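The structure under discussion appears below in the form of structure tokens.
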Amino acid sequence: MIRHLLTLIWNRKQRNLLLLLELIAAFLILFGVFGFVLYNLDKYRTPLGFETENVWQASLFMTDEPDSLTRAAVKKQLLINLRQVPEIAAVCFGNPVTPFSGSTWTSTSDDNGYEISAELVAGDEDYAQTFGLNVLEGRWFTEEDQNAKYSSLVINKRMRDTYWKDTSVIGKVIQWNGDARIIGVVEHFKYQGEFSDENNLIFSYFPDHSSEMPTLIMRLKPGYDPSVEVQISNIIRQTTKDWKFTIKNLENQRIQNSRQYWVPIVAFLSICGFLVFNVALGLFGVLVYNIKKRRAEIGLRKAIGAHPSVILSQFIWEILILTTISVIVGLFFAIQFPLMDVFDVDPGVYARAILFSALVIYSLVLICTIYPSRQAAMVLPANALHEE
Amino acid sequence: MIELNSISKVYRTKTVETLALDNINLKVDKGEFLSVMGPSGCGKSTLLNIIGLLDEPTRGDVVIDAQGISNYKTRALARFRNQKLGFIFQSFHLINDLSVLDNVELPLIYRPLGAAKRREMAEEALESVGLKNRMKHLPSQLSGGQKQRVAIARAIVGRPEIILADEPTGNLDSVMGGEVMDILLKLNAEDATTIVMVTHDKRIAGKTHRLIRLFDGSQVN
């Protein structure tokens, strides 16, 4: 029977061409949309690695005057004043490379002939606690790191897995702006947002009073009174006097950052849904038309011994074979993306996009085929053979 | 071979009731060549559809090869048609997208037969109608007479005991019609195939063993 259907499909190739093209185009569009969505969702599924709920961030614009010692004293006083606020759970200073700011600082270093590339973030000894970072190995910075023989570094898990997988990195001395010792590994810190790639990352240590650290980060206790926000703003203003500052809520920034990815994802999925609906309508129309045109053939087949279930399965198989041909052709084009490494995307994303596209196409085709095929199976041969 | 007992057929719509066949009693012996004549709309094709199990009578019984068909379910009817009956139509009903060989093979794909056996049987059937040299052709490349010979090959490929022909020469000129008739007569004579043929042509009907006439759904002689 399959051979018979293949012959029939081959001999009707010109009439099937448009249907084939429609299915190939639908498959490729679905592949593109699923690829885009899965690529982003994969990144979204990786934990952010830090807390944003109840976290506030104040960027301080420190004036040049008075001198750096005075600036350091003001910052220390600011921390003291803020720590007296009962609603503040933790507070720290960081450099301008802060979550969702869009700032990145990337550097490379030659470590005894091996090139190490990583993004850089700087924080003080309370940075991990304020952000709720998960330190997997070793420890976070302490004040003792100021006077350590080697500058201290904390790296993220991805960097450990990239350069030193399956080896212990705690205590390892590497060349990074001179000799530097890795003292800890944090699990994740996707500071560029939920949909961003997690790159190799190095945290370097600066004490809280350093002028390299103009960003004040505060984590408030859950369920805090909103009036405390005004209180914090007043403390900063009164302590820093003529310094300008802007305060942002990290959770709001996370939502805004995510929105720029969710909007195209939802838009693409909506367009894709509309397209799939149109393909379904077209397919349904073509199949109903084909069956109308083939009523005499159906009548003949039933007259010479085809059971209605055979007619039903014949029409379903015909469209499934056409779909399989379309998917194979679509696959040929889709597979070029991972083979030629067109985008820096994990091949697994392509594989899943192909799988989901094929599943949607086959489901769509089956749904659209069942009704017309049932109509075909119910054709009365005595009527159909007399219509022509 | 074929026995119709008190067959009536009524077509009903919401407003109209049409009596297509009225109390037909007919017996066709094995190896008999029967022709059915009558004016258009007298019920000839309905009678053939009922004998061919393509339509159900409103009243009465159909017995073919000593088997009462009335209680047959759809699957059994389909199998019965496939094995016992061959159909020839006025408008050939060939599938234009299939080659002559594939068209002839068609009834066999609904039987549990291998591809080689099906092909062998189809070639044999085509040879018997003198069209083996055209088996790779498409129906559109054949004349009307050749198309009907392909349809005959398709009807006989499964070696049925009964052939039902609905105006097989109706679309053909007299020469081609004569050729088709010769094949049917030969089938009847050599293989003892029972043939029931609807025709408008007295000359053609005259070549068969027996002629019955229908008028307004009733048998008139």
Side-chain angles (χ1 to χ4, degrees), chain A residues 1-20 286 289-319 321-322 373-388, chain B residues 9 11 20 45-50 52-56 73-99 101-115 118-119 138-140 151 154-155 157-158 160 164 166 171:
Chain A
M1 186 53 123
I2 292 290
R3 191 175 147 270
H4 173 71
L5 293 180
L6 287 172
T7 308
L8 208 55
I9 288 167
W10 176 251
N11 292 346
R12 286 177 175 150
K13 53 188 174 292
Q14 278 184 319
R15 263 166 287 164
N16 289 328
L17 187 64
L18 276 177
L19 190 62
L20 274 173
V286 167
Y289 175 77
N290 279 349
I291 281 161
K292 267 196 167 172
K293 291 279 283 181
R294 291 173 65 182
R295 275 177 64 84
E297 178 196 327
I298 297 162
L300 172 79
R301 286 179 186 273
K302 289 184 88 169
I304 61 176
H307 186 260
S309 64
V310 176
I311 300 289
L312 179 84
S313 61
Q314 178 196 328
F315 278 89
I316 291 174
W317 273 110
E318 271 187 42
I319 196 70
I321 291 170
L322 276 174
S373 301
R374 280 175 61 89
Q375 294 294 102
M378 287 190 289
V379 164
L380 297 172
N383 295 344
L385 289 166
H386 273 266
E387 282 166 8
E388 199 154 316
Chain B
K9 178 70 185 178
Y11 291 108
S45 294
T46 305
L47 181 71
L48 212 60
N49 285 340
I50 286 171
L53 313 177
L54 301 177
D55 207 349
E56 285 178 17
K73 298 274 185 280
T74 323
R75 195 173 294 277
L77 281 175
R79 196 180 307 123
F80 193 89
R81 279 199 300 266
N82 181 257
Q83 289 173 353
K84 298 271 184 189
L85 306 177
F87 292 90
I88 302 167
F89 306 97
Q90 182 180 358
S91 49
F92 323 126
H93 285 308
L94 299 177
I95 298 175
N96 289 325
D97 297 309
L98 291 177
S99 68
L101 184 68
D102 288 333
N103 264 288
V104 173
E105 227 184 275
L106 205 57
L108 303 181
I109 66 169
Y110 302 114
R111 290 187 187 183
L113 288 173
R118 290 203 306 260
R119 192 186 163 94
L138 290 171
S140 57
R154 183 183 63 199
V157 71
L164 304 171
D166 193 355
N171 276 359

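Worth knowing before you read on, the calculation uses all heavy atoms, side chains too, and leaves out hydrogens, waters and symmetry mates. A note on names: the letters A, B, ... follow the listed sequences, proteins ahead of strands, and every chain is numbered from 1. Small disclaimer: the values here were computed from a predicted structure and weren't measured.
Of the two parts of A/R294, neither the backbone nor the side chain holds a non-hydrogen atom closer than 4.5 Å to a non-hydrogen atom of chain B. Heavy atoms closer than 4.5 Å to chain A are found in both the backbone and the side chain of B/L98. Residue contact with chain A, scored on non-hydrogen atoms closer than 4.5 Å, involves the backbone and the side chain of B/L106 alike. Of the atoms belonging to B/D166, it is side-chain heavy atoms, and not backbone ones, that fall under 4.5 Å from chain A. Only the side chain of A/Q314 comes within less than 4.5 Å of a heavy atom in chain B; its backbone stays farther off. Looking at B/R111, neither its backbone nor its side chain comes within 4.5 Å of chain A, counting heavy atoms on both sides.
Summarising the geometry of A/G305 relative to B/N82, their closest heavy-atom pair is CA-CB, 3.7 Å, with the distance given to 0.1 Å. In terms of heavy-atom proximity, B/H93 sits nearest to A/L385 at NE2-O, 2.9 Å.
Atom OH of residue B/Y110 and atom NZ of residue A/K302 lie 11.0 Å apart, to the nearest 0.5 angstrom. Interatomic distance, A/L300 CG to B/N103 CG, rounded to the nearest 0.5 Å: 8.0 Å. Considering CD1 of A/I304 and CD of B/Q83, their distance stands at 13.0 Å, rounded to 0.5 Å.
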**Request:** Take B/L77 and A/H307, measure what side chain to side chain contact (heavy atoms under 4.5 Å, CB included) needs, and give me the verdict at the end.
**Result:** CA-CA 9 Å; B/L77 281 175; A/H307 186 260; over 6 Å; no
**Request:** Assess whether side chain to side chain contact (heavy atoms under 4.5 Å, CB included) is satisfied between B/D102 and A/L8, documenting all intermediate values.
**Result:** CA-CA 9 Å; B/D102 288 333; A/L8 208 55; over 6 Å; no
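Side chain of B/R81 to main chain of A/A303: a donor-acceptor pair is present (N/O by atom type, distance under 3.5 Å, no hydrogens or angles).
Atom OH of A/Y289 has 12 or fewer neighbouring heavy atoms from other residues, nucleotides or ligands inside a 6.0 Å radius. No more than 12 heavy atoms of other residues, nucleotides or ligands sit less than 6.0 Å from atom NZ of A/K292.
The shortest distance between side-chain heavy atoms of A/P308 and B/R75 does not fall below 4.5 Å.
By the side chain to side chain donor-acceptor pair (under 3.5 Å) test, B/T46 pairs with no residue at all, sequence neighbours left out. Residues that satisfy the side chain to side chain donor-acceptor pair (under 3.5 Å) test with A/R12, not counting sequence neighbours, are A/E297, B/D97.
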